[in-house]
Amino acid sequence: MTLFSRIGLGTAQFGQDYGIANKGGKIPREVVFDILKSAADRGILLLDTACAYGDSEAVIGEFIKKGPSPFRVVSKFSLDPYKEGGLKQLLRQSLAKMNTAGVYGYLAHRLTDVLNDERLWADMLEVKRQGLVQKIGVSVYSPRELEELDKRDIKFDLVQFPYSIFDRRFEKCMHGLKQKNIEIHARSVFLQGLAFMKADQLPGHLKEAGVPLRGLAELSLKHGISVQSLCLNFALLNPHIDRVIMGVGGLRHFEENLKGLEDFDKVRGIYDQLQGLSIGNEDILLPNRWPLAMPSRR
C-alpha cells in the first residue's frame with residue numbers, strides 16, 4: 001500500500017465553509033472536480049463525506065455522473081433518520097445524490113443516536129445485509145465512546161476518530177481495534193486548521209495550545225518541513241491507521257499537502273519530538289466544545 005492509497009479525501013469543504021483557519025470558504029464546483037481527478041490519478045480513492053456537509057454528496061454525485069468512478073465513498077448520517085422516513089430512506093437519498101448504488105462505509109455521525117435508539121443499529125445491519133453498504137460503523141470523539149460500544153457489545157466494521165500531533169487520546173485503543181479487524185480512519189490531523197494558526201493569535205479559550213503550537217513551528221523551521229507535512233506524515237507513521245482523512249481548501253492546498261508526503265522519512269526522524277507536543281485538554285481537542293461564535297465547528 002502506497003502513502004497515496006492510505007489517504008482519504010475529506011469533502012466537508014466541497015459543500016460548506018469549514019474550519020477555523022478556512023479563509024477561502026466553500027470550494028467552487030469546477031475546482032472540486034479538478035481535485036477529484038487529481039486524487040484519482042494519484043491513487044487516492046477514498047472519499048469521506050456526510051449528509052450534513054451541505055451539498056457535498058450532490059457535488060460528488062455530479063462528478064461520478066461524468067463516468068465510471070474509481071472512488072470508494074464513506075458517508076455519515078447525523079439527522080434523526082426516523083424523522084426522515086427511516087434510515088434506509090435517508091441512505092437511499094444519499095445514494096441518489098451521489099449517483100451510486102452503494103457505498104463502502106456508512107457511519108453514525110453521533111454515537112448517541114445509536115445508543116438512544118436500538119432500531120438504528122438493527123437498520124444499519126440490514127442495509128449492510130442488503131449490500132447497500134460494505135461496512136458500517138461510527139464516528140466518535142472520545143475513547144469513552146468506544147468503551148460504551150464494547151460494553152453494549154455493538155459490533156462494527158469501521159471507526160473514524162480524531163488523531164493528530166496534538167490529539168493522541170485514541171492510541172491506547174488502536175491495538176485492540178485491529179485485533180478485532182476493525183478499519184481505522186483518522187480525521188482532524190490538522191485539528192480543523194488549528195495547526196496552522198500562530199500561537200500569539202489564538203483566541204482566549206485556545207491559549208493553552210500556544211506552547212505546542214510554538215513547538216511545532218520551531219520544528220518546522222529547524223528541519224525545513226512544512227506544518228502540513230509534519231501533521232500528515234505523523235498520522236501516516238502510525239501503523240494501526242488504515243486511512244488518514246485529509247481535508248483540503250482548494251487545488252493548490254491539495255497539491256501542497258501531497259508534496260509533503262515526500263518528507264515522510266524526514267518526519268520519521270523527528271517522530272519522538274513530535275510526540276512531545278500532545279495536548280490533554282478536550283476543551284481544546286474537541287471543536288464541538290469551542291464557543292458558538294467560532295466558525296465552522298464539527
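Predicted model only: the values in this text are computed from it and were never measured.
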Original post:
Side chains of Thr112 and Asn116: is there a donor and an acceptor less than 3.5 Å apart?
Top reply: no
Subject >> Polar contact flag, side-chain donor to acceptor under 3.5 angstrom, Ser75-Glu57 >> reply: yes
Subject >> For the student: nearest non-hydrogen atoms of Leu194 and Ala209, plus distance >> reply: CD2-CB, 4.3 Å
Original post:
How far apart are the closest heavy atoms of Ser139 and Leu107, and which atoms are they?
Top reply: N-CB, 4.3 Å
About how many Å separate [atom2] of [Y] and [atom1] of [X], when rounded to the nearest 0.5 Å?
{"X": "Asn233", "Y": "Glu262", "atom1": "CG", "atom2": "CD", "answer": "10.0 Å"}
{"X": "Cys231", "Y": "Ile225", "atom1": "SG", "atom2": "CD1", "answer": "11.5 Å"}
{"X": "His253", "Y": "Leu258", "atom1": "NE2", "atom2": "CG", "answer": "10.0 Å"}
{"X": "Phe254", "Y": "Ile7", "atom1": "CZ", "atom2": "CD1", "answer": "9.0 Å"}

Original post:
Less than 4.0 Å between a side-chain N and a carboxylate O, is that true for Glu145 and Arg110?
Top reply: no
**OP:** Considering only NZ, NE, NH1 and NH2 on the basic side and carboxylate oxygens on the acidic side, decide whether Arg243 and Asp48 come within less than 4.0 Å.
**Re:** no
Subject >> Close side-chain approach of Met174 to Tyr163, heavy-atom, < 4.5 Å >> reply: yes
Original post:
Using the ring of each side chain (for Trp, its six-membered ring), is Phe33 parallel, tilted or perpendicular to Phe63, with breaks at 30° and 60°?
Top reply: tilted
Original post:
Which class fits the ring pair Phe190 and Phe196: parallel under 30°, tilted 30 to 60°, perpendicular over 60°?
Top reply: tilted
Original post:
Among all residues two or more places apart in sequence or in another chain, which pass the salt bridge (Lys or Arg N to Asp or Glu O under 4.0 Å) test with Lys97?
Top reply: none
Subject >> Six-ring centre of Tyr141, Arg187 cation under 6.0 angstrom, axis tolerance 45° >> reply: yes
**OP:** Apply side-chain contact (heavy atoms from CB on, under 4.5 Å) to Tyr104 and list each qualifying residue two or more places apart in sequence or on a separate chain.
**Re:** Leu46, Arg72, Val74, Gln134, Lys135, Glu183
